[in-house]
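Input: a single structure, listed below in structure tokens.
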Protein chains: 2
Amino acid sequence: MSLLSNLKRSIPSLSKAESRIAKAILIDPEATVNMTTSELARLAGVSDPMISRFCRTMECTSFPDFKVQLAKSLVNKVSFISEAVSPGDNSANYIEKRINANQAALEYIRTKLDPAIIEQTVAALSRSKKIEIFGMGGCAAIAKDAQHKLFRLGIPTMAHEDHLMQRMVAASADEDTTILIFSFTGRTQAMVEIAEIAKNSGAKLITICSPNSPLAELADITITSGDELEDTTIYVPMTTRIIILTITDILTTGLALEQGEEIEAQLKKIKHSLDSTKII
Amino acid sequence: MSLLSNLKRSIPSLSKAESRIAKAILIDPEATVNMTTSELARLAGVSDPMISRFCRTMECTSFPDFKVQLAKSLVNKVSFISEAVSPGDNSANYIEKRINANQAALEYIRTKLDPAIIEQTVAALSRSKKIEIFGMGGCAAIAKDAQHKLFRLGIPTMAHEDHLMQRMVAASADEDTTILIFSFTGRTQAMVEIAEIAKNSGAKLITICSPNSPLAELADITITSGDELEDTTIYVPMTTRIIILTITDILTTGLALEQGEEIEAQLKKIKHSLDSTKII
DNA sequence: GTCAATTATGTAATTAAATTAAATTCTATA
DNA sequence: TATAGAATTTAATTTAATTACATAATTGAC
């Protein structure tokens, strides 16, 4: 857990003087690492010893220690406040910026992803006899990717992007089926309808979408798509995709671990099935 | 340049006492960031003021400043050596590890991606009247995703995963067509055949695949898929996907920038076409 | 080899920084 | 509104880091 995000998150629970310190730090964290207690105290409008106390509240042993921790969390933070691409950027510029943005997206879910929910999801997937994956638009490719990753683990898995197929598949699902719906916003009418059909058929419903959306409401388990993070400028409709892909990656990893050694033979078999298609 | 590597590199040029300090730090850099001058001095077998002097030789203003810089340079070192998932990992473990691995993958292409090649690719895409994208297996989803991102920019773009369709499309391409082939290894026979057909038809051929592969040989432009990075353990066949997706992201960004303002209206139009499908 | 001249290092003193301890001021509640 | 408790500050103390000066080591010219 990064100190910086920790800092931001804990402001509400801090005392008056302490929250002023936190805010003063957040104005320019880069500068803070070079300050003395007195300097920071003056900037925050509190007394020197408050700084020491504050550092201990933040679970550091001393102010120098706090600065070291802060410095560490800044390295990733440089990309946390990832700059938007702007007209006039040369290729080296926008390459850097997009890589930063995508790294930042991963940094974001590091704090957002709840291990308990991942565990639940892995357990649900592992128990099911069939996995059906739905996604439309930008999520169609994601659904396809998820299918490609999950089918290897021995559970029959299909991805569907056609809405009529989705309806039919959802309707014919049963208790042994897990339905996985990908949606950035969780507000696509068609997807919500599918979710309702799925629920009625008794299937387990897992959605990867924006929390607090109609789709999330209907689901047994929801994992955030990071949609709330999405910068709406036209140039960057991408970070959520990286997030969802990584979530799929994590789920697959969890599932593979759960299955243990017996899955290795299966994976080898799949891999070798491609041998004759390759040029050596 | 990281302080840590700087430290290692400059040992030969340091004085006797200073190089002893450097060596003492390198034994356990993590621990150093929590030491006082005296502690480090004792460890290195030198006097206290030598530490101050040493820090200034290393172009830091003070020992505390040095510790902050050192802490920063330690962060990337930690995440770069991303650990592999192993049986017995709990969910919190493997979530961290997978996020680290994916961040490290992005860190990797930061150094590998050549801006000049990206520029060339963007220019080629921008000039073309039609873009055809091919991918099979794991790359089918990637091809689909790329289509989804590129078609918005006003150039007719299609993705094909069916090999027969791919052949027909490749054969009927002309000089105004750019063909984009995604392949992790660059060794899939079917894909190489497509590339040959594409070349004969006069289309511009861009491949995102492993360099030094048969497919890369045939291409006008090649961008690495990061395949050479892939850890072959069964659990992590994922990082290249993140890399390729980010490359697509970068190419799209570059293309959008090139098109300038006129593209904004186009993007808005596409976005609003979905309005009536959403629940508010 | 030996004697400046220079550079490198150590010792003691000083300054600066951070923390502790005691005193004071707030805040909430009976 | 009195008072317990928490929060904060002031003043004192401790700890850390650096400066200034002294000493030792090293280099190069003779």
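To find a chain, count down the sequence lines: A is the first, B the second, and so on, and within it residues start at 1. Here the structure is a predicted model, which is why all the values come from computation and not from measurement.
- Taking atom CG of D48(A) as the reference point, atom P of dA23(C) lies 20 Å away to the nearest angstrom.
- Not less than 6.0 angstrom separates the ring centroid of F54(B) from the ring centroid of F63(B).
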Check step by step if side-chain hydrogen bond (donor to acceptor under 3.5 Å, both in side chains) holds for T37(A) and D48(A).
CA-CA 6 Å; T37(A) 39; D48(A) 289 16; 4.7 Å; no

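- The distance from atom CE of M35(B) to atom P of dA17(D) is 12 Å, rounded to the nearest whole Å.
- Across dT18(D), dT19(C), dT8(D), the shortest atom-to-atom separation from the side chain of P64(B) is found for dT18(D).
- Atom CZ in R56(A) sits roughly 13 Å away from atom C1' in dA21(C) (whole-Å rounding).
- Side-chain nitrogen and oxygen atoms of T37(B) include none within less than 4.0 Å of the OP1 or OP2 phosphate oxygen of dT18(D).
- dA28(C) atom C1' lies 13 Å from atom NZ of K16(A), rounded to whole Å.
- Under the 3.5 Å distance criterion, the side-chain polar atoms of T185(A) are matched with a main-chain donor or acceptor of R187(A).
- Distance from the side chain of R53(A) is smallest for dT8(D) among the nucleotides dA20(D), dT8(D), dT19(C).
- Residue S15(B) places at least one side-chain N or O closer than 4.0 Å to OP1 or OP2 of dT9(C).
- Rounding to whole angstrom units, CD of residue E39(B) and C1' of dT15(D) are separated by 11 Å.
- Residue-environment remark: CG (D114(B)) exceeds the threshold of 12 foreign heavy atoms within 6.0 Å.
- Atom CZ in F63(B) sits about 13 Å away from atom P in dA18(C), given to the nearest Å.
- Straight-line distance from the CE atom of M50(B) to the P atom of dA17(D): 16 Å, rounded to whole Å.
- Rounded to whole Å, atom P of dA16(D) lies 14 Å from atom NZ of K67(A).
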